[in-house]
S.K.: 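Here it is: the structure, laid out below.
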Amino acid sequence: MPENADSPKLRARMRAALLRWYDRNRRDLPWRRSRDPYAIWVSETMLQQTQVATVLPYYRRFMGAFPSVEALDRAPLDAVQSIWSGLGYYRRAMNLKHAAGVLASRHGGRLPDDYDALLKLPGIGRYTAGAIMSIAFQRPYPAVDGNVRRVYARLFGLTDAKELDETAGRMVSRPRPGDFNQALMELGATVCSPAAPTCERCPLSHWCRARASGSFELPRGRHVETKAVEWPLVIIESNSRVLLHRRPDDGLLAGLWELPTPATLPPGVARESVAVAPIAVIRHAITDKRITAPVYLLRREARVRGKAWRWVALAALSSYPLSSLYTKALRAAQHRLGARLSSIGAGDT
DNA sequence: CAAACGTGGAC
DNA sequence: TGTCCAAGTTT
């Protein structure tokens, strides 16, 4: 048992110290200026496995385009995916859109002030439900993410997941459960970092077990074997348009548009293209794949059928949901395409 | 429950 | 260059 968390008085002191630290050190983030549960939900979803700095521009654009549940519900899926392009874990965007529909039809267009109801929404798991409950509704639920696990692991010497959950449940403060949870995460992200914690700046160092023992080791994450993958891409260009293909609705990059590969050229387009040298070679990683992507340019017309193929004007590429793999390839080819493709991918508007 | 799911920052 | 891994969820 983590003796440090046993005493209610001690817990109260730790909470107070953490909140005081947070009040003086909190970063000024856009979602912290809002009290709208929708804004909290969107930010927490974007922040899943994604760092704050990466999220910021996406959050601004998303909230600008879809400022409410109703706006999101009414938006075309393509528009939502397009804004999300480059952020990764694209199922999150599908889940948001889907959940917005559920909220509109069954919850009056609002996030429910109810942990179990939140959990039922697609894309909301234990962490996100706890974050929304505490931050948006001031309810004393824990929100245990990687930061919190690390902080408690060091602070109390915890390794067991169940004990950690119990501790998190006992530690949450009321009042200010949302600030408390964010303080814990902020501490983990900025002070109690994985490799080199700066204990001099930590308001909890006085009580910290790892600090006392000098051992900050954490249980290793699962080692994931990466695979080298060759993934050639073909840019078929004609009249300032390129040919895109829509990916299947499940699996990798589900529902996004892609550049064809030599093996999946549309019917009627021979593979003659790929005999020539690539104009560029892209390197990109997707989860456990280390992708090497030679990019081939083929200038020719082609007749295509079906909803899965589409000629897209270069100027319209920015409104297409594309993985960074493809925006990299298109950027590498832009001078040959005679277009200023600042409009490709994230970053504009 | 292990595996899949994106991307870019940090070292 | 390589490796780790981040405000997780789903199947």
Side-chain angles (χ1 to χ4, degrees), chain A residues 22 26-27 29-32 39-59 81 84-96 98-99 118-136 141-151 161 168 178-190 192-196 218-229 231 247-256 258 282-292 321-328 345-347:
Chain A
Y22 183 65
R26 59 190 286 170
R27 288 172 288 182
L29 303 172
W31 46 89
R32 289 185 178 161
I40 305 302
W41 173 41
V42 171
S43 70
E44 289 302 336
T45 301
M46 287 191 167
L47 285 162
Q48 289 167 9
Q49 297 287 282
T50 310
Q51 296 181 335
V52 167
T54 303
V55 163
L56 284 172
Y58 287 88
Y59 177 81
Q81 288 180 305
W84 205 274
S85 289
L87 189 55
Y89 286 138
Y90 296 96
R91 188 164 54 180
R92 293 181 295 177
M94 312 287 281
N95 286 152
L96 275 178
H98 181 194
L118 288 170
L119 260 191
K120 291 194 176 89
L121 295 168
I124 297 185
R126 279 158 38 91
Y127 163 77
T128 305
I132 294 172
M133 288 303 286
S134 61
I135 299 170
Y141 286 80
V144 181
D145 75 329
N147 289 308
V148 176
R149 271 191 289 278
R150 183 172 58 257
V151 169
D179 282 347
F180 176 82
N181 285 338
Q182 292 186 86
L184 223 36
M185 294 189 274
E186 188 101 334
L187 187 71
T190 63
C192 193
S193 50
L218 300 165
R220 304 281 296 167
R222 306 204 66 73
H223 178 69
V224 182
E225 207 64 36
T226 64
K227 291 162 264 190
V229 175
W231 190 335
R247 294 181 58 83
D249 282 324
D250 49 24
L252 197 64
L253 306 175
L256 301 200
E258 65 177 351
I282 301 303
R283 309 244 309 134
H284 185 74
I286 298 181
T287 57
D288 62 338
K289 298 176 183 57
R290 288 175 294 112
I291 298 168
T292 301
L322 293 170
S323 157
S324 293
L325 170 62
Y326 307 112
T327 59
K328 283 181 185 176

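Numbers restart at 1 for each chain; the letters A, B, ... are given by sequence-line order, proteins then strands.
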S.K.: Counting only side-chain N and O atoms of Lys289(A), is one of them less than 4.0 Å from OP1 or OP2 of dG6(B)?
M.R.: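 The answer is no; no side-chain N or O of Lys289(A) sits under 4.0 Å from OP1 or OP2.
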
S.K.: Nearest-Å distance, CZ (Arg92(A)) to P (dT9(C))?
M.R.: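 The answer, rounded to whole Å, is 11 Å.
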
S.K.: Look at all strands and tell whether Thr128(A) reaches a base, only sugar-phosphate, or nothing, counting heavy atoms closer than 4.0 Å.
M.R.: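 Thr128(A): backbone/sugar contact only, no base atoms under 4.0 Å.
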
S.K.: Check every strand shown and say whether Leu256(A) touches a base, only sugar-phosphate, or nothing at a heavy-atom separation below 4.0 Å.
M.R.: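 Here Leu256(A) touches no strand at all.
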
S.K.: Between Arg150(A) and Cys192(A) (side chain of the first, backbone of the second, donor and acceptor by atom type, cut-off under 3.5 Å), is there such a pair?
M.R.: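 Yes, because the side chain of Arg150(A) sits within donor-acceptor range (under 3.5 Å) of the backbone of Cys192(A).
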
S.K.: Identify whether any heavy atom of Ala195(A) sits under 4.0 Å from a base atom; if not, whether one sits that close to sugar-phosphate; answer base, sugar-phosphate or nothing.
M.R.: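 If one applies the 4.0 Å heavy-atom cut-off, Ala195(A) turns out to touch nothing in the nucleic acid.
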
S.K.: Would you confirm whether the ring centroid of Trp84(A) sits within less than 6.0 angstrom of the ring centroid of Tyr58(A)?
M.R.: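 Distance test on ring centres: not under 6.0 Å, no.
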
S.K.: To the nearest angstrom, how far is Glu225(A) atom CD from dC4(C) atom P?
M.R.: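 After rounding, the reported distance stands at 9 Å.
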
S.K.: Send over the distance from Glu186(A) CD to dA6(C) C1', rounded to a whole Å.
M.R.: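 That distance rounds to 14 Å.
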
S.K.: Between C1' on dG9(B) and CG on Leu47(A), what's the gap in Å once rounded to a whole number?
M.R.: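 Going from Leu47(A) (CG) to dG9(B) (C1'), I get 15 Å.
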
S.K.: Which part of the nucleic acid, if any, lies within reach of Ser324(A) when heavy atoms closer than 4.0 Å are counted: base, sugar-phosphate only, or nothing?
M.R.: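 Sugar-phosphate only.
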
S.K.: Does dG8(C) have its OP1 or OP2 closer than 4.0 Å to a side-chain nitrogen or oxygen of Gln48(A)?
M.R.: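 For Gln48(A), the contact criterion (side-chain N or O under 4.0 Å from OP1 or OP2 of dG8(C)) is not met.
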
S.K.: Select base, sugar-phosphate, or nothing to describe what Arg247(A) touches, counting heavy atoms under 4.0 Å on all strands.
M.R.: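 No contact at all - Arg247(A) keeps every heavy atom at 4.0 Å or more from the nucleic acid.
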
S.K.: Sticking with atom P, work out how far dG8(B) lies from dT9(C), rounded to a whole angstrom.
M.R.: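 Each nucleotide's P atom is 22 Å from the other's.
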
S.K.: Would you mind classifying the nucleic acid contact of Gly188(A) as base, sugar-phosphate or nothing, using non-hydrogen atoms under 4.0 angstrom?
M.R.: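 Counting heavy atoms under 4.0 Å across all strands, no contact is made by Gly188(A).
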
S.K.: Specify the separation, in whole Å, of atom CE of Met133(A) and atom C1' of dA7(C).
M.R.: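 Rounding to the nearest Å, CE of Met133(A) and C1' of dA7(C) are 18 Å apart.
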
S.K.: So that I can tick it off, tell me whether Glu186(A) and Arg27(A) are bridged by a salt bridge, with the cut-off set at under 4.0 angstrom between side-chain N and carboxylate O.
M.R.: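 Between Glu186(A) and Arg27(A) there is a salt bridge, with a charged N closer than 4.0 Å to a carboxylate O.
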
S.K.: Is it true that Arg290(A) and Thr226(A) share a donor-acceptor pair across their side chains at a distance under 3.5 Å?
M.R.: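 A donor-acceptor contact under 3.5 Å links the two side chains.
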
S.K.: Among dG6(B), dG8(C), dG8(B), find the nucleotide with the atom closest to the side chain of Tyr127(A).
M.R.: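 For Tyr127(A), the side-chain atoms sit closest to dG8(C).
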
S.K.: With nearest nucleotide decided by heavy atoms, which residue, Pro122(A) or Gln51(A), maps closer to the 5′ end of DNA chain C?
M.R.: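 Nearest-nucleotide comparison on DNA chain C picks Gln51(A).
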
S.K.: Checking contacts here: which listed nucleotide (dG8(C), dT7(B), dA7(C)) is nearest the side-chain heavy atoms of Tyr89(A)?
M.R.: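 Output: dG8(C).
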
S.K.: For the side chain of Arg283(A), starting at C-beta, report the closest nucleotide among dA6(C), dA7(C), dG2(C).
M.R.: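 Taking heavy atoms from C-beta onward, the closest nucleotide is dG2(C).
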
S.K.: Nearest whole Å is fine: how far is dT9(C) C1' from Arg149(A) CZ?
M.R.: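 Those two atoms, CZ and C1', are 12 Å apart.
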
S.K.: Is any side-chain heavy atom of Ile124(A) less than 4.5 Å from a side-chain heavy atom of Ile132(A)?
M.R.: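 The answer is yes, as the side chains (C-beta and beyond) meet within the 4.5 Å cut-off.
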
S.K.: Could you tell me how far apart Arg26(A) (CZ) and dA7(C) (P) are, to the nearest whole angstrom?
M.R.: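 For the pair Arg26(A) CZ and dA7(C) P, the rounded distance is 17 Å.
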
S.K.: For Ser134(A) and Asn181(A), which I'm curious about, is there any donor-acceptor pair between the side chains at under 3.5 Å?
M.R.: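 Indeed, the side chains of Ser134(A) and Asn181(A) share at least one donor-acceptor pair under 3.5 Å.
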
S.K.: Quick check on dT7(B): is either OP1 or OP2 less than 4.0 Å from any side-chain nitrogen or oxygen of His284(A)?
M.R.: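 Checking dT7(B) against His284(A), a side-chain N or O does come within under 4.0 Å of OP1 or OP2.
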
S.K.: Taking atom types as they are modelled, is there a donor-acceptor pair under 3.5 Å from the base of dG6(B) to the side chain of Thr50(A)?
M.R.: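 Yes.
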
S.K.: Applying a 4.0 Å non-hydrogen cut-off, can you work out what Ser323(A) is touching in the nucleic acid: base, sugar-phosphate, or nothing?
M.R.: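 Sugar-phosphate contact only - Ser323(A) comes under 4.0 Å of backbone atoms but never of a base.
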
S.K.: Nearest to the His223(A) side chain among dA6(C), dT7(B), dC4(C), which nucleotide is it?
M.R.: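 Between dA6(C), dT7(B), dC4(C), the one nearest the side chain of His223(A) would be dC4(C).
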
S.K.: Mind checking if Arg150(A) touches a base, just sugar-phosphate, or nothing, with heavy atoms under 4.0 Å?
M.R.: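 Counting heavy atoms under 4.0 Å across all strands, the contact made by Arg150(A) is with sugar-phosphate only.
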
S.K.: C1' atom, dA7(C) versus dA3(B): distance in rounded Å?
M.R.: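 About 22 Å, rounded to a whole number of Å.
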
S.K.: Given atom CG of Leu96(A) and atom C1' of dT10(C), what is their separation to the nearest angstrom?
M.R.: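 To the nearest whole Å, that distance equals 15 Å.
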
S.K.: When the P atoms of dT3(C) and dG6(B) are compared, how many Å lie between them, rounded to an integer?
M.R.: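 Nearest-Å result for dG6(B) against dT3(C) at atom P: 22 Å.
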
S.K.: Is it true that a side-chain atom of Ser43(A) and a backbone atom of Ile40(A) form a donor plus acceptor pair closer than 3.5 Å?
M.R.: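 A pair under 3.5 Å: yes.
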
